[in-house]
Amino acid sequence: MSCFGGRMSEYRFLSIDRFDGENLESWAFFLSHAHRDHMVGLDSPGFLSRLKSSLKTRLYCSEITKALLLTEKQFKPLEPFIETLTVDTPTSLTVTDEVTGKEHSLLVTLLQAGHCPGSVMFLFEGTEGTVLYTGDFRLPVGSAAQFLHLHQGGRPKDIQSLYVDTTFLVPEAKYIPSREDCCTALINLVQSWISRGSHYVVRLNCKAKYGYEYLFIELCRRFHMKVHVNDPSIYQEVPEIFQCLTSDPSETQIHACRWLERYQKGRHHPLPCKYRPPPPHELEVMSVTPSTMWFTAYAGPGDVVRKISRHHHRVCFSFHSSYTEIRDFVGYVRPKTIHANVAPVGSTLQEAEDRLRDLTRSVQADSSLVSYKPLGSLRLQRAALKRKKQGDPSPVWTGSKRFEPVLYILEQQLVTGISASIHHDQSEVFRTVREQSMHCMQRRPR
DNA sequence: GCGATCAGCT
DNA sequence: CACAGCTGATCGC
């Protein structure tokens, strides 16, 4: 959960992901994604009147974030003040203090953050230096080298400050399996259950409102079966997701619907949507809870699925970067100063910042070996062509007609041969994981 | 009576 | 076990 107060020390007149208190004095506002903990004050009367009282003050976000935001009625009044920015497209902004008439020009670029649909990082460039605010992010090792706008003349830009998501900056979360590996494990688990018969259904026990869409898309593609959710219409403006969802519980064996009333989950209804198959069949439900397993603490690398009880499994899934991914990212960006946005579980913000500083120092020497490599466009085109031949829907990262691609960065998209130092680093991680998990299994036999 | 904060639950 | 968010209780004004 974000602890970021809203303002960066370099550009005090901007507020990001906080819209209360002193932030109301800012000249421009930025929203990285549509999770509640980044929207504090966004629906308050104070923020709305702040926008209304000014001619030029705007709320900037990605197109998808705007679309998701406006599906909730409490944010509808913000619509006239929202300005969307295109990902990977530097935009020149002139922000104004309407009290004094003072102006400030700067360049802002949205970089995809891979956290949830619409999530972005903000890169600001201006007289106070280049600063990067990551919001929440899940980026595979090697991602930083692939952001064009983190580079200039083939070299990484000098970053004055980095404000970074440190949710999993704890030694226990050194390694978290990739999105693809977690998804493959989920697909295999789902396959083993729903293939038993049409009355065998899977319930995906999803906590957050946004962030699991990648799983929905991949399940839909693999099983040619839409995922049942309470309200698909919130994704109306994001076709890649919308087309994978249904509001009809009888149409699918995969459910991600949620209970609306708190105390109404009785034994009588194994599914939140209360769907019952036609007689004589009785519903057979397997619950699957996507959750972040800490691989250095709880499991071996192959242990992406964990059986909780006969009909309940946990599948590893994370929409925040692991310790290793954070280390890789900050080691590549090499900011002059670094700030933690999140107090990791069991740590304070200060401890996270101390850890970050240690990391930037220790990784710096290696990262100079890495040079900018764009996303492997040829590989992507080939993959898209292959899929087209197979009659599958387009992959998410090709984007829709309406929006540029900002859903997820996947490990398999990254160009191969990033750098010797990173490969070395990875194998080191795997070795550590193996050792620690063996140690762990000795202590806690399953 | 209101918002802010917290405990508890999912 | 850990990713977000709701609800209801409690506190201070």
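Chain A is the first sequence line, chain B the second, and so forth, proteins listed ahead of strands; every chain is numbered from 1.
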S.K.: Taking only N and O in the side chain of His33(A), is any of them less than 4.0 Å away from OP1 or OP2 of dA4(C)?
M.R.: no

S.K.: By the 4.0 Å heavy-atom rule, please label Tyr210(A) as base, sugar-phosphate, or nothing.
M.R.: nothing

S.K.: Is the phosphate of dA4(C), meaning OP1 or OP2, less than 4.0 Å from a side-chain N or O of His38(A)?
M.R.: no

S.K.: Check the distance between dC6(C)'s P and Arg258(A)'s CZ and give it to me in whole angstrom.
M.R.: 8 Å

S.K.: Below 30° counts as parallel, above 60° as perpendicular, anything between as tilted: where do the rings of Phe124(A) and Tyr11(A) land?
M.R.: tilted

S.K.: Got a sec, which pairs hit salt bridge (Lys or Arg N to Asp or Glu O under 4.0 Å) with one end in residues 30-47 of chain A, sequence neighbours left out?
M.R.: Arg36(A)-Glu72(A)

S.K.: Output every pair passing ring-ring contact (aromatic ring centres under 6.0 Å, His included) with a member in residues 337-361 of chain A, not counting sequence neighbours, ordered by first then second residue.
M.R.: Tyr163(A)-His339(A)

S.K.: Measure from CG on Asp43(A) to P on dA4(B) and round the result to the nearest Å.
M.R.: 10 Å

S.K.: In this structure, how many angstroms lie between the C1' atom of dA4(B) and the CG atom of Asp20(A), rounded?
M.R.: 11 Å

S.K.: Between His149(A) and Asp88(A), is there a donor-acceptor pair closer than 3.5 Å when you use the side chain of the first and the backbone of the second?
M.R.: yes

S.K.: Has Arg18(A) got a side-chain atom pairing as donor or acceptor with Gly5(A)'s backbone, closer than 3.5 angstrom?
M.R.: no

S.K.: Between Lys307(A) (NZ) and dC1(C) (P), how many Å, whole number?
M.R.: 18 Å

S.K.: What's the CD-P distance between Glu172(A) and dC1(C), to the nearest Å?
M.R.: 14 Å

S.K.: Could you tell me the separation between the CG atom of Asp165(A) and the C1' atom of dA4(C), rounded to a whole number of Å?
M.R.: 13 Å

S.K.: When we call it a touch if two heavy atoms are under 4.0 Å apart, what does Asn205(A) touch: a base, just sugar-phosphate, or nothing?
M.R.: nothing

S.K.: Among the candidates dG5(C), dC1(C), dA4(C), find the nucleotide nearest to the side-chain atoms of Arg36(A).
M.R.: dG5(C)

S.K.: Of the options dG5(C), dT10(B), dC1(C), whose atoms approach the side-chain atoms of Lys207(A) most closely?
M.R.: dT10(B)

S.K.: Between P on dG5(C) and OH on Tyr212(A), what's the gap in Å once rounded to a whole number?
M.R.: 10 Å

S.K.: Whole-Å distance between dT10(B) C1' and Lys209(A) NZ?
M.R.: 17 Å

